[in-house]
Trainee: 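The following block contains the structure, expressed as structure tokens.
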Number of protein chains: 2
Amino acid sequence: MIGVFDSGIGGLTVVRELRRFLPGKALVYFGDTARTPYGNKSAETVRRFAVEDAAYVLGQGATTLVVACNTMSAVAVDAIRQRFPSVPLFEVIAPAVDAVAARRAKRIGVIGTRATIGSGVYGQRIRERLPKAKVIERACPLLVPLVEEGMFDAAETKRVIRRYLEPLKHQTVDTLVLGCTHYPFLKDAISHKMGKSCAVIDSASVTAKAVAAQAGKLADGPLTLHFSDLSPHTEELARAWVPEADAINHVPVERVERGG
Amino acid sequence: MIGVFDSGIGGLTVVRELRRFLPGKALVYFGDTARTPYGNKSAETVRRFAVEDAAYVLGQGATTLVVACNTMSAVAVDAIRQRFPSVPLFEVIAPAVDAVAARRAKRIGVIGTRATIGSGVYGQRIRERLPKAKVIERACPLLVPLVEEGMFDAAETKRVIRRYLEPLKHQTVDTLVLGCTHYPFLKDAISHKMGKSCAVIDSASVTAKAVAAQAGKLADGPLTLHFSDLSPHTEELARAWVPEADAINHVPVERVERGG
């Protein structure tokens with residue numbers, strides 16, 4: 001069973017893409033909505049929460065882990081691997097870096113939360129693969145709350161996107177990495193702003209493709225979503241974004257803290 | 001010693017006002033930045049976190065509690081009182097309702113987080129005091145992230161304020177309650193939008209006045225700020241907003257969960 005986890009609801013974009021590439025496979029999703037967002041928190045706190053989240057989906061029967069969150073992928077993957085060394089683990093950064101490298105991009109923009117961008121992980125890994133590339137990273141902390149309000153096409157959202165992306169456009173980036181699993185909901189507005197000469201790489205989609213290609217045999221089964229806090233707003237968003245979910249459950253955060 | 005606590009950094013507006021009305025008094029502040037924001041979480045989760053936060057500031061030597069958060073004031077005050085029945089406790093809703101009642105307001109707008117507005121607590125308590133008043137409540141979930149970005153005067157912020165407040169202005173409210181401790185940072189922009197015929201009641205300020213009037217004898221002493229997650233961004237905001245703080249400390253969230 002695939003176990004996908006995220007700091008909240010953003011990782012549901014990865015679930016949607018996994019269903020597209022791996023239809024009918026058993027999948028459990030955990031969103032840590034009681035402690036969301038992780039993106040403005042310190043690396044130490046994110047690592048502790050990440051290990052607890054992984055333990056929770058493993059406790060639900062997952063055999064393959066997918067970290068559907070750039071912040072955790074940036075700072076907590078080693079901690080998860082150390083704790084669960086025998087479990088296959090996918091994260092969202094490596095597939096995006098692979099896609100950038102395959103394009104032989106020259107001027108690359110990366111957008112994400114403050115924690116992801118502050119880690120510098122995208123710049124570092126892209127330069128390892130493309131030493132001559134120029135990488136411009138930019139934190140866009142308001143995009144997550146705008147997505148969580150469902151304001152995908154609002155004038156305010158376009159204005160915030162313009163504020164964040166104008167400097168990247170000025171630097172004529174040829175490739176832009178959406179380094180946050182919330183951002184695929186804004187892909188149209190972002191692509192429109194960047195123009196046709198800029199390719200937009202969506203980490204949710206490239207990650208799902210990588211899992212489908214490399215995860216081996218997976219069992220068919222239900223798709224269940226678990227949240228550490230299930231407010232009416234969260235439930236409404238989850239139903240709208242993943243209508244094929246077989247169940248939406250609330251798991252008290254103290255159970256997650258105790259390790260599932 | 002006064003113990004002030006909030007889900008994050010918004011309650012620092014109450015600290016600022018307390019310093020104005022009670023200069024030099026010993027004060028400990030706890031901001032639960034590891035689990036912020038509370039405003040989109042369920043009442044059950046908010047209650048559990050609130051009791052832990054109160055226990056933490058009591059463990060630091062506080063003798064009077066100030067809940068500097070409308071979300072906790074709306075849903076968790078009874079839970080805190082049940083757990084610590086002998087400790088004097090102030091919250092931010094009663095002083096704001098008193099101020100509305102004193103004005104004999106007729107058409108009252110209340111803005112706050114989704115949790116505060118969803119609780120309906122302001123409408124209920126205002127109608128108890130002013131049975132003929134019309135109360136219009138509106139959740140404004142984007143204002144907290146905009147304040148936390150320090151975008152007090154940005155064009156985007158003005159646009160979001162317009163979106164949220166236009167319906168209240170249309171209903172010609174005579175009094176607007178800022179039912180979230182983050183909002184005083186936006187008071188100028190909000191007052192400007194609402195116009196001169198609308199009084200704006202700032203819950204941080206009226207709460208500090210109530211504490212100063214009713215708390216009795218308090219000892220002089222240092223002002224210390226504690227956060228369950230201390231990212232560079234949080235530290236920078238805390239220093240800018242409360243420059244007179246004697247210390248800014250990080251307390252691991254697991255200590256708060258264990259009860260201080």
Side-chain angles (χ1 to χ4, degrees), chain A residues 7-9 32-46 48-49 52 71 113-115 117-118 139-151 154-164 227-237 250-254 256-258, chain B residues 7-9 32-46 48-49 52 71 113-115 117-118 139-151 154-164 227-237 250-254 256-258:
Chain A
S7 58
I9 55 179
D32 191 10
T33 40
R35 302 187 293 191
T36 197
Y38 289 4
N40 289 324
K41 285 162 193 160
S42 66
E44 183 196 340
T45 298
V46 172
R48 176 171 171 251
F49 290 175
E52 291 175 358
T71 303
T113 63
R114 198 172 269 121
I117 298 305
C140 302
L142 286 170
L143 297 186
V144 166
L146 287 165
V147 166
E148 298 203 343
E149 288 311 304
M151 288 168 66
E156 291 89 333
T157 306
K158 284 177 188 152
R159 188 150 196 155
V160 168
I161 287 173
R162 197 162 76 209
R163 171 189 286 256
Y164 287 141
F227 295 96
S228 52
D229 185 74
L230 192 57
S231 68
H233 181 66
T234 299
E235 192 162 354
E236 192 185 307
L237 287 180
H250 173 222
V251 47
V253 67
E254 52 268 42
V256 180
E257 288 162 5
R258 286 197 310 263
Chain B
S7 58
I9 54 178
D32 192 11
T33 39
R35 303 186 294 191
T36 199
Y38 290 4
N40 288 324
K41 285 162 192 161
S42 67
E44 183 197 340
T45 297
V46 172
R48 178 173 169 249
F49 290 176
E52 292 175 357
T71 304
T113 63
R114 198 171 269 119
I117 297 305
C140 303
L142 286 171
L143 297 186
V144 167
L146 287 165
V147 166
E148 298 204 342
E149 289 310 305
M151 288 167 66
E156 290 89 333
T157 306
K158 284 176 188 153
R159 188 148 196 156
V160 169
I161 287 173
R162 196 162 76 209
R163 170 189 288 254
Y164 287 140
F227 296 96
S228 53
D229 184 73
L230 192 57
S231 69
H233 181 66
T234 299
E235 193 163 353
E236 191 185 308
L237 288 180
H250 173 224
V251 47
V253 67
E254 51 270 41
V256 180
E257 288 162 6
R258 285 198 311 263

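Lettering follows sequence order; numbering is per chain, from 1.
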Trainee: Could you check Arg163(B), Lys158(B), Arg159(B) and say which one makes a side chain to side chain donor-acceptor pair (under 3.5 Å) with Glu156(A)?
Mentor: Arg163(B)
Trainee: So which of Thr36(B), Thr33(B), Thr157(B) has the biggest tally of heavy-atom pairs under 4.5 Å with chain A?
Mentor: Thr36(B)
Trainee: Does the side chain of Leu142(A) come within less than 4.5 Å of Met151(B)'s, by heavy atoms?
Mentor: yes
Trainee: Taking only Lys NZ, Arg NE, NH1 and NH2, and the carboxylate oxygens of Asp or Glu, determine whether Glu257(B) and Arg48(A) approach each other closer than 4.0 Å.
Mentor: yes
Trainee: As an exercise: rank Pro141(A), Pro232(A), Ser231(A) by heavy-atom pairs under 4.5 Å with chain B and give me the winner.
Mentor: Pro141(A)
Trainee: Enter the distance from Lys41(A):NZ to His233(B):NE2 here, rounded to the nearest 0.5 Å.
Mentor: 13.0 Å
Trainee: Could I get the full list of side chain to side chain donor-acceptor pair (under 3.5 Å) partners for Arg162(A), not counting sequence neighbours?
Mentor: none
Trainee: Among Val46(B), Asp32(B), Asp229(B), which residue forms the greatest number of heavy-atom pairs with chain A at distances under 4.5 Å?
Mentor: Asp229(B)
Trainee: Based on non-hydrogen pairs under 4.5 Å, which of Val144(A), Leu146(A), Thr234(A), Leu230(A) is most in contact with chain B?
Mentor: Leu146(A)
Trainee: Is it the side chain or the backbone of Ala115(A) that comes within 4.5 Å of chain B heavy atoms, both, or neither?
Mentor: neither
Trainee: Just to verify, what does Glu44(A) make a side chain to side chain donor-acceptor pair (under 3.5 Å) with, not counting sequence neighbours?
Mentor: none
Trainee: Given side chains that start at C-beta, do those of Pro37(A) and Pro37(B) come closer than 4.5 Å, heavy atoms only?
Mentor: yes
Trainee: What closest approach, in Å, do Ser228(B) and Thr45(A) show between heavy atoms, and which atom pair accounts for it?
Mentor: O-OG1, 4.4 Å
Trainee: Heavy-atom pairs under 4.5 Å with chain A are the metric here; pick the option from His250(B), Glu148(B), Glu149(B), Arg35(B) that has the most.
Mentor: Glu149(B)
Trainee: For Ala43(B), which atoms come within 4.5 Å of any heavy atom of chain A: side chain, backbone, both, or neither?
Mentor: neither
Trainee: What part of Pro252(A) lies closer than 4.5 angstrom to a heavy atom of chain B: side chain, backbone, both or neither?
Mentor: neither
Trainee: Go through the atoms of Tyr38(B) and report whether side chain, backbone, both or neither lie under 4.5 Å from a heavy atom of chain A.
Mentor: neither
